[in-house]
> 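Structure provided below as structure tokens; questions to follow.
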There are 2 protein chains.
Amino acid sequence: MPPHEHPAATDSARELIAAHGGRVTRTRVAVIEALQRSAHPLSHDEIGATLDGAGIGHDRVTLYRALDWLVEQGIAQRIAGGERAWRFEIRRDGDHRHAHFHCERCGQIVCLEDVPAAAPTLPAGFAVARAELVLHGACADCGRAGVEGKEG
Amino acid sequence: MPPHEHPAATDSARELIAAHGGRVTRTRVAVIEALQRSAHPLSHDEIGATLDGAGIGHDRVTLYRALDWLVEQGIAQRIAGGERAWRFEIRRDGDHRHAHFHCERCGQIVCLEDVPAAAPTLPAGFAVARAELVLHGACADCGRAGVEGKEG
DNA sequence: GCTTTTGATGCAACATTGTAGCATTAGATT
DNA sequence: AATCTAATGCTACAATGTTGCATCAAAAGC
């Protein structure tokens with residue numbers, strides 16, 4: 001690729017991988033970019049679809065392992081969300097842990113950037129590594145369409 | 001069964017089921033009792049083991065359906081926890097939503113009765129049905145054994 | 001107490017999500 | 001280009017949950 005044409009996103013993805021001592025592969029780059037582009041956490045399946053769209057060959061296992069590695073390296077993080085499948089999102093700078101919203105209508109997970117997922121004071125002896133706060137209900141879009149009737 | 005011998009727990013389980021218009025079956029009664037007896041949320045598998053122990057025949061599907069019904073009726077509630085499998089707990093009176101702690105060492109889920117899982121103020125349009133707060137880390141038992149060395 | 005009704009069960013078969021083992025490919029290095 | 005080995009992509013499997021349908025049994029009626 002011509003050096004005057006490298007997209008910043010791709011570049012940072014490649015650098016991100018290299019900085020963690022991993023090999024820069026199509027799959028990893030594409031996964032990171034997909035996560036970076038998305039406003040909400042993506043499921044394994046959604047990421048797979050993105051790879052397909054980008055014409056990047058892969059299989060389930062490779063994708064799982066790429067995601068495992070990203071989580072392991074602290075580049076991405078897993079979210080339990082509402083359904084059975086994990087969802088993944090890029091860890092922005094700092095450890096900025098935010099809450100998530102799971103819409104029970106459209107199934108989507110939305111990041112609530114402004115709502116911190118802070119750990120409260122716990123009984124003695126408990127060591128908290130991370131807090132996960134998930135709100136379930138109807139998101140702004142679905143709520144409007146559903147609660148008020150049709151499209152009030 | 002002699003009327004002077006009915007255990008209170010069983011009785012309330014039976015009443016609970018009947019009050020919701022369901023049929024009082026061995027499986028449902030045993031599941032409710034298992035959940036009532038347990039101090040922490042139980043997985044499908046753990047509940048199944050209890051039924052086996054009680055000599056109550058069942059299969060995976062029956063148990064799943066019994067649990068589904070309990071959740072549907074608001075008698076029990078599902079917890080996503082840390083691992084893939086759901087866990088279930090009885091809903092005590094009131095909507096007393098508390099946080100849970102997932103120990104990454106022993107895998108156990110602990111109820112933090114004193115820590116409410118309250119929904120913070122959300123952007124307009126979001127309708128929150130319930131909040132799920134899960135803290136991940138090492139529980140009091142595991143933390144002591146692990147952080148301080150052997151068994152300080 | 002016996003019959004009827006239909007909710008609940010139990011079985012088989014399947015769907016989804018995630019892992020393990022291993023030969024091959026390809027990124028990084030020399 | 002040759003080398004080294006991390007990463008890939010198979011296959012096969014494990015864990016978790018669901019669907020369809022025949023059978024059983026809890027609640028209701030007689």
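Order of the sequence lines sets the chain letters (A, B, ...), proteins ahead of strands, with each chain counted from 1.
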> Indicate, with a heavy-atom threshold strictly under 4.0 Å, whether A/Arg28 touches base, sugar-phosphate, or nothing.
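Touches sugar-phosphate only.
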> Distance-only, no hydrogens or angles: does the A/Ser43 side chain make a donor-acceptor pair with backbone N or O of A/Glu46 under 3.5 Å?
yes
> What nitrogen or oxygen pairs link the protein and nucleotides 17-19 of chain C at under 3.5 Å?
from   : atom 1 : to      : atom 2 : distance (Å)
C/dG18 : OP1    : A/Trp86 : N      : 2.9
C/dG18 : OP2    : A/Tyr64 : OH     : 3.0
C/dG18 : N7     : A/Arg60 : NH2    : 3.0

> Could you run down nucleotides 24-29 of chain C 5' to 3' and tag each one B, S or - for protein heavy-atom contact under 4.0 Å?
--BBS-
> Hey, are the side chains of B/Glu89 and B/Cys111 touching, using non-hydrogen atoms and a 4.5 Å cut-off?
yes
> Going 5' to 3' along DNA chain D, which nucleotides are the first and last within contact of chain A (any atom under 4.0 Å from a heavy atom)?
D/dT5 to D/dG17
> Please check if any side-chain donor atom of A/His102 sits under 3.5 Å from a side-chain acceptor atom of A/Gln108, or the reverse.
no
> Kindly indicate whether the side chain of B/Asp141, heavy atoms from C-beta on, has any atom under 4.5 Å from the side chain of B/Cys103.
no
> May I have the distance from B/Leu70 (atom CG) to C/dA8 (atom P), rounded to whole angstrom?
11 Å
> Angle, rounded to 10°, between the helical axes spanning five pairs at each terminus of the helix from C/dG1-D/dC30 to C/dT30-D/dA1?
30°
> Decide yes or no for B/Trp69 and B/Ile75: does some side-chain heavy atom of the first lie under 4.5 Å from some side-chain heavy atom of the second?
yes
> If a pair satisfies salt bridge (Lys or Arg N to Asp or Glu O under 4.0 Å) and one of its residues is in residues 64-80 of chain B, list it, with sequence neighbours excluded.
B/Asp68-B/Arg78
> Any non-hydrogen side-chain atom of B/Val31 less than 4.5 Å from a side-chain atom of B/Phe88?
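B/Val31 vs B/Phe88: side chains apart.
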> Just wondering, do A/Arg87 and A/His100 contact through their side chains at under 4.5 Å, heavy atoms?
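SC-SC contact between A/His100 and A/Arg87 ruled out.
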> Within a strict 4.5 Å, meaning less than it, do heavy atoms of the A/Leu63 and A/Asp59 side chains meet?
no
> Could you give all pairs that pass the salt bridge (Lys or Arg N to Asp or Glu O under 4.0 Å) test and reach residues 119-136 of chain A, with sequence neighbours left out?
A/Arg130-A/Glu132, A/Arg130-B/Glu104
> Examine distances only and state if a side-chain atom of A/Arg28 and a backbone atom of A/Arg23 form a donor-acceptor pair shorter than 3.5 Å.
yes
> Classify the ring geometry between B/Tyr64 and B/His44 as parallel (under 30°), tilted (30 to 60°) or perpendicular (over 60°).
parallel
> Does the pair A/Phe101 and B/Val128 meet the rule for a side chain to side chain contact (heavy atoms under 4.5 Å, CB included), with working shown?
CA-CA 9 Å; A/Phe101 189 92; B/Val128 180; 3.9 Å; yes
